[in-house]
Protein chains: 2
Amino acid sequence: MTRLVVPRAKTALNPIIAVDLASRGERKLRTRAHLMEGALELMGQGRGFSSLSLREVTRAAGVVPASFYRHFRDLDELGLALVEESGATLRRLLRDVRRDGIPLTDMLRKSVQIYKHHVEAHRLHFLFIAGERGGGAPVIRKAIRTEESHFASEMAQDMRALGLLPGLSSETLRMLCGLVVTTMINAATEILDLPRQQPRLEKELVDNFVRQLRLVFLGASAWRDR
Amino acid sequence: MTRLVVPRAKTALNPIIAVDLASRGERKLRTRAHLMEGALELMGQGRGFSSLSLREVTRAAGVVPASFYRHFRDLDELGLALVEESGATLRRLLRDVRRDGIPLTDMLRKSVQIYKHHVEAHRLHFLFIAGERGGGAPVIRKAIRTEESHFASEMAQDMRALGLLPGLSSETLRMLCGLVVTTMINAATEILDLPRQQPRLEKELVDNFVRQLRLVFLGASAWRDR
DNA sequence: GCCTTGAGTAAACGAACGTTCACTGAAAGC
DNA sequence: GCTTTCAGTGAACGTTCGTTTACTCAAGGC
């Protein structure tokens, strides 16, 4: 049987070539992942998720438009999958910090450094979160808010476990972490917008971020529940 | 996907009927305003600006697609006009607060109340700002960041003039206001997402917002520049 | 080994899109 | 009053869109 179609550029995932690389289920998961990556890549070029078309996404993923429906009902469903994936990335930040432990000296600055690296290492996930948390489809926005909320709660729990700010009630601790998360995500947008190779701007941004957090924690340590 | 869009009532601005209502220049400005309002209204239905089509916007404004080009080169240019308009709305908040004066007792809570009313009274502008500051076209995002920055600087200036937190350096005051603005805009999204007629949720949100600001200002009053 | 399953394909559809063009006709300029 | 200007029109164009359809053909079940 002759093939009239020029082979697709993305040979790595062409089933005709990659036939023996994986089981059927694994290949399906891989295509699904390619669809999600394709959407993220398009967003990485300065596009909002809600401006993407289904055909664009399938094109970026190297499949035909109709294939999309084998994996998602529509773009919103893909968006929700991206929320979940990005939420996992967010959580991994806490897990890494927890595992490494944080020295009490210069703790804030160190945490900000870790965070900055994490954001840069998972650029597209943070771009997605920061971009869709405000605008975009309500269903996606709400899912992101839920992820954020869980993240803040987990952070509060960690602080409790570490014995930080023992004077604060759980409610206040949670409020504090909500504020910290907002500040973090705002900083993520700024980190991602940084022009490359501008150490001056970079230092300024990090310094400002550190100071904001220092201010917040200074307030927290002076806080008295009544 | 089919979308049912209710066409704007043409009669109010139909030149054939409204012929005597204004000069040519005034009517041009009115159409321009209708285009901007049309875009905002569509966003008010849960759409991101970058997902709007030129034809949709003209439909909502009650003009033919080709008319669009008499006012804007493309949708980005309309977006930048919306940034400017929304920035003016943002500034008006400061002006109003300045004019009314703020009582020193329960100042934070009062300010939050004023802010909440302002956000609700200019729902679409805040929706636009909060929605496009993170995602969307880079050119628009940057313009919003610039507006925010000016707003924060103006706020710092006002605080200086009022003699609040006299111990802080200008730089620190500016950093503080940046943090406050971030927190405000985040709260705007939450205010706008509130389900109607839910006083319980509303109080919770306002309380949380007030506490976050209180924490921040508590930190500011304990801050020592070195 | 045959049969079923289902991920991915190719083609087609009507709808919506951005943009252009020549036009109309009231307002503004003279 | 005659002429010029220009905001808005209506039609047309080539694209791209989302979705459906019948299909192919390995993988996996029996």
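Protein chains get the first letters and strands the later ones, always in sequence-line order, with residue 1 at the start of each.
The residues A:K203 and A:D207 are annotated as salt-bridged, a charged nitrogen and a carboxylate oxygen being separated by less than 4.0 angstrom.
Computed from coordinates, the B:H71 NE2 to D:dA7 P distance equals 7 Å when rounded to whole Å. Whole-Å rounding puts the A:E77 CD to D:dT19 P distance at 12 Å. Atom NE2 of A:H34 and atom C1' of C:dA7 are 15 Å apart (whole Å). One atom, CZ of B:F72, and another, C1' of D:dG8, lie 15 Å apart when rounded to the nearest Å. In this entry the distance linking CZ of A:F68 with P of D:dT19 reads 9 Å, nearest Å. Rounded to whole Å, the distance from CZ on B:R32 to C1' on D:dG8 is 17 Å.
Using modelled atom types and a 3.5 Å distance limit, the side chains of B:S149 and B:R174 yield a donor-acceptor pair. One side chain, B:R133 or A:N186, offers a donor N or O that lies under 3.5 Å from an acceptor on the other. Looking only at atom types and distance, the side chain of B:R47 has no donor-acceptor partner in the side chain of A:S50 under 3.5 Å away.
A distance-only check finds a donor-acceptor pair linking the side chain of A:E26 to the backbone of A:S23 [under 3.5 Å]. Not one N or O on the side chain of B:S67 forms a donor-acceptor pair closer than 3.5 Å with the backbone of B:V63.
Ring planes of A:H122 and A:F126: tilted class, angle from 30 to 60°.
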Hey, what are the protein-to-nucleotides 28-30 of chain D N/O distances that come in under 3.5 Å?
from, atom 1, to, atom 2, distance (Å)
D:dG28, OP1, A:R24, N, 3.2

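OP1 or OP2 of C:dC17 lies within a sub-4.0 Å distance of a side-chain N or O belonging to B:R59.
Other residues, nucleotides and ligands place more than 12 heavy atoms under 6.0 Å from the CZ atom of A:R99.
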For this session: Give the B/S/- string for nucleotides 18-23 of chain C, one per nucleotide from 5' to 3', where a protein heavy atom under 4.0 Å of the base yields B, of only the sugar-phosphate yields S, and otherwise -.
Result: BBBB--
